[in-house]
Amino acid sequence: MLRPRHLFLPLVLCLGACAPASYDLPPLAGGADRLPGKVVWHDLITDTPEATERFYGELFGWTFDPVPGVNYRLIRHDGRAIGGLVDQGRLPVEEDISQWVALLAVDDIEAAAAAVGPAGGRLLTPPTSLGRRGRVAVAADPEGAVFALLETGEGDPPDRSQPPAPGGFLWDELWAVDTAGAAAFYRGLLPYESETLALAGELDYTVLSAAGRPRAGIRPHPLADSAPLWVNYLRVADLAALEDILTRVEDLGGRVLQPATARPAGGYLAVLQGPSGAGIALQTWPLEPAPERLP
């Protein structure tokens with residue numbers, strides 16, 4: 001199970017309404033034009049910060065830099081800031097809310113937040129200042145999958161011409177029950193176009209694009225015991241590297257939820273939990289041809 005639905009409300013309260021007025025996070029690097037619909041950031045809330053840092057540091061080479069005066073650590077990959085870590089133990093919550101949260105770029109946070117309800121979702125926290133980072137709002141789609149909207153203070157990180165190095169964020173995907181309904185919701189909220197592809201073994205796969213670039217995917221939910229949610233993918237170089245990572249997960253306090261499995265579109269994926277229980281997916285890239293499943 002990646003994360004039960006009942007933990008989402010405390011999570012969004014901590015991301016938004018519980019943030020003090022002086023909450024100031026560094027701006028995102030790049031300062032490009034607005035790129036609405038792009039997943040521009042990932043935050044991890046964990047109740048095991050030390051074990052979590054060791055887990056990701058050992059497996060992917062990540063480093064963690066504290067932000068002075070704030071319960072927040074920048075996650076760096078090859079020196080590049082790619083996300084943030086929040087220590088749940090320093091938040092005013094009682095339940096375990098450990099999980100990853102994807103932040104989607106918007107042009108106008110007020111307009112985007114106002115569109116959530118009419119599109120069929122729920123606005124969970126209103127637009128809230130994160131200082132130089134910009135303004136954030138947290139919402140749930142019609143099936144309850146939680147995501148955040150971010151109007152950056154200094155522009156969105158530009159698109160890269162090359163995929164990230166292994167260990168960087170490669171892709172973001174919504175695991176939904178009603179994939180057509182989910183696509184309609186996100187098209188009503190952000191300037192997405194959607195295309196549904198028929199992939200053998202995965203039913204229909206929907207790609208959300210904005211400004212001519214793929215931004216995220218929607219697939220039928222593969223796990224019966226987990227509520228609909230956004231899943232974040234890290235790049236792995238090849239099958240040998242993926243198998244090596246999987247052999248070390250349990251020794252570092254994590255759990256393999258799905259072993260290395262071939263995707264019909266090519267390449268291999270796996271799904272892990274870190275020490276806190278927060279889930280993350282791994283995907284080999286480039287997508288070398290693969291059989292339907294590993295022997």
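Every value quoted in this text rests on a predicted model; they were computed, and no experiment measured them. Count residues from 1 along the sequence.
Using a 3.5 Å distance cut-off with no hydrogens or angles, the side chains of D172 and N232 do pair a donor with an acceptor. Defined by atom type and a distance below 3.5 Å, a donor-acceptor pair is missing between the side-chain atoms of T152 and R133. In this structure, a donor-acceptor pair under 3.5 Å is present between the side chains of E173 and Y205. Of the N and O atoms on the side chains of D47 and S98, at least one donor lies less than 3.5 Å from an acceptor on the other residue. With 3.5 Å as the limit, one finds no donor-acceptor pair spanning the side chains of T179 and T206. No side-chain donor from either of Y72 and D87 sits under 3.5 Å from a side-chain acceptor of the other.
The distance from atom CH2 of W100 to atom CH2 of W230, rounded to the nearest 0.5 Å, is 16.0 Å. For the atom pair CD1 of I45 and CG of N71, the computed distance is 9.5 Å after rounding to the nearest 0.5 Å.
Salt-bridge check for R122 with D141: failed, with every basic side-chain N at 4.0 Å or more from each acidic carboxylate O. No salt bridge links R73 with D65; every basic N to acidic carboxylate O contact stays at or beyond 4.0 Å. Residues D156 and K38 are not paired through a salt bridge, judged by the lack of any N-O separation under 4.0 Å between the basic side chain and the carboxylate.
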How far apart are the C-alpha atoms of D159 and R215, what are their side-chain angles, what is the distance that settles it, and do they pass the salt bridge (charged side-chain N to carboxylate O under 4.0 Å, His left out) test?
CA-CA 10 Å; D159 290 319; R215 295 304 186 189; 2.8 Å; yes
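Using a 4.5 Å heavy-atom cutoff, the side chains of L174 and Y186 are in contact. Using a 4.5 Å heavy-atom cutoff, the side chains of L272 and R255 are not in contact. Using a 4.5 Å heavy-atom threshold, the side chains of P142 and F185 count as touching.
Neither L35 nor L189 shares a network with the other; the hydrophobic side chains, linked directly or stepwise wherever heavy atoms of I, L, V, M, F, W or Y lie under 4.5 Å apart, form separate groups for each.
Partner P275 forms a side-chain contact (heavy atoms from CB on, under 4.5 Å) with one of V249, T48, T46 and no other, that one being T48.
Between F169 and W62, the ring planes lie tilted relative to each other; the angle falls in the 30° to 60° range.
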